[in-house]
Structure formats: C-alpha cells, structure tokens
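Report on the following structure.
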Amino acid sequence: MVSIHPHFTIKDGKMDQCIALLEEILVLTKANEPDCLFFNITTCGSNKAYVREAYKDGAAALFHLKNMGHMIPKLFEVSDITVQVQGPAKEIEPLKEILPDADFYEAISGF
C-alpha cells in the first residue's frame, strides 16, 4: 500500500473553494480509480485541510497523481501545499519524479 498525505494551508477567504476542489477530486477518484483504498478530507480550524488517501500500490498512486494533475494548479491558487508519501521503497520510488518536493517515508515495519 502507498499513502499520500497532502496538507493544505488555505489562503484567506478560500476555504470553501479549496474544499469544493477537494470534493471534486474525491468524486472523480471514487468513480474512476478502483485501486484507491480510501480518500478522506479533514479540516482543522478555518485555514487548514488535510487529505488521507491510500492506494493498492505505487502504480495506483501514480495513476491517481497523473489522473488528477489538472487539479493541482487550482489547489495552489487557494492554498499552500506540503505532501508526504509513505510506503515500501520500491513502490514510492516512481512517485518521486512527479512529486519532487514531497517528503518520502519508506515503510520499514507494520501490519
């Protein structure tokens, strides 16, 4: 499994717009990506949002990023974004090219 964890610091007055964009991504992901295991949107206060999303493997995560690439510039218009990616080293390696500024955490144990 590979999980992606984008953190959004929403620009003043843009919370509703940011959430609407994330909801649009959620709907598209659910309809078109059967290897997405979950996709949750959460908020903290009036200026932070967070998405918890996981995929069967690195290929499914990469498909998602390419599938939703057109939405990323819109999200940057309303927020500042930092991203963490977590999973087995061989599964997350291909994502490094498409997410060069993300923090990559290699899974070392768990169940």
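Heads up: numbering here begins at 1 and tracks the sequence.
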Worksheet item: Rounded to the nearest 0.5 Å, what separation is found between the NE2 atom of H64 and the CG atom of D35?
Response: 13.0 Å
Discussion item. Test of understanding: clusters of I, L, V, M, F, W, Y form through side-chain heavy atoms closer than 4.5 Å, transitively. Do L95 and M71 belong to the same one?
Written reply: yes
Item to complete: Keeping the roles fixed (side chain from N32, backbone from L28), state whether a donor-acceptor pair exists under 3.5 Å.
Response: yes
Practice prompt. Indicate yes or no: at least one non-hydrogen side-chain atom of H5 is less than 4.5 angstrom from one of D103.
Written response: no
Fill in: Distance-minimising heavy-atom pair for I10 and S79
CA-CB, 4.0 Å
Worksheet, complete the sentence: For A54 and M1, the nearest pair of non-hydrogen atoms, with its separation, is CB-SD, 3.8 Å
Response to the item:
Rounding to 0.5 Å, atoms NZ (K48) and CZ (F8) come to a distance of 14.0 Å
Worksheet item: From K56 NZ over to F63 CZ, what is the distance, rounded to the nearest 0.5 angstrom?
Response: 12.5 Å
Worksheet, complete the sentence: Which of T42, N40, I41 passes side chain to side chain contact (heavy atoms under 4.5 Å, CB included) with R52? Answer is N40
Worksheet entry | Gap separating the CD atom of E77 from the NZ atom of K14, nearest 0.5 angstrom | 8.0 Å
Fill in: Gap separating the CG atom of D12 from the CG atom of N47, nearest 0.5 angstrom
8.0 Å
Worksheet item: Where do F39 and V51 come nearest, in terms of heavy atoms and distance?
Response: CZ-CG1, 3.7 Å
Item to complete: Look only at the side chain of K96 and the backbone of A102, and say whether a donor-acceptor pair between them is shorter than 3.5 Å.
Response: no
Worksheet entry | Y55 vs E53 side-chain heavy atoms within contact, under 4.5 Å | yes
Worksheet item: Closest approach of A49 and L22, non-hydrogen atoms and distance?
Response: CB-CD1, 4.3 Å
Worksheet entry | Heavy-atom closest pair, residues E91 and G58 | OE1-N, 2.6 Å
Worksheet item: Going by heavy atoms in the side chains, are E33 and M68 under 4.5 Å from each other?
Response: yes
Discussion item. Any non-hydrogen side-chain atom of K11 less than 4.5 Å from a side-chain atom of D80?
Written reply: yes
Practice prompt. Flag the pair N67 / T29 as yes when at least one side-chain heavy-atom distance between them is below 4.5 Å, and no otherwise.
Written response: no
Worksheet entry | Heavy-atom check, side chain of D101 versus side chain of V83, under 4.5 Å | no
Worksheet item: Is L62 close to I98 at the side-chain level, that is, under 4.5 Å between some pair of heavy atoms?
Response: yes
Item to complete: Establish whether Y50 and I81 are linked, either directly or via other cluster members, by ILVMFWY side-chain heavy-atom contacts under 4.5 Å.
Response: no
Discussion item. Do K74 and Q17 make a side-chain contact, defined as non-hydrogen atoms from C-beta onward lying under 4.5 Å apart?
Written reply: no
Worksheet entry | Nearest-0.5 Å distance, CD1 of residue I72 to CD1 of residue I25 | 5.5 Å
Worksheet item: Are F76 and M15 in one and the same hydrophobic cluster, where Ile, Leu, Val, Met, Phe, Trp and Tyr link if side-chain heavy atoms are under 4.5 Å apart?
Response: yes
Worksheet item: Minimum heavy-atom separation for V2 to A61, with atom names?
Response: CG1-CB, 3.9 Å
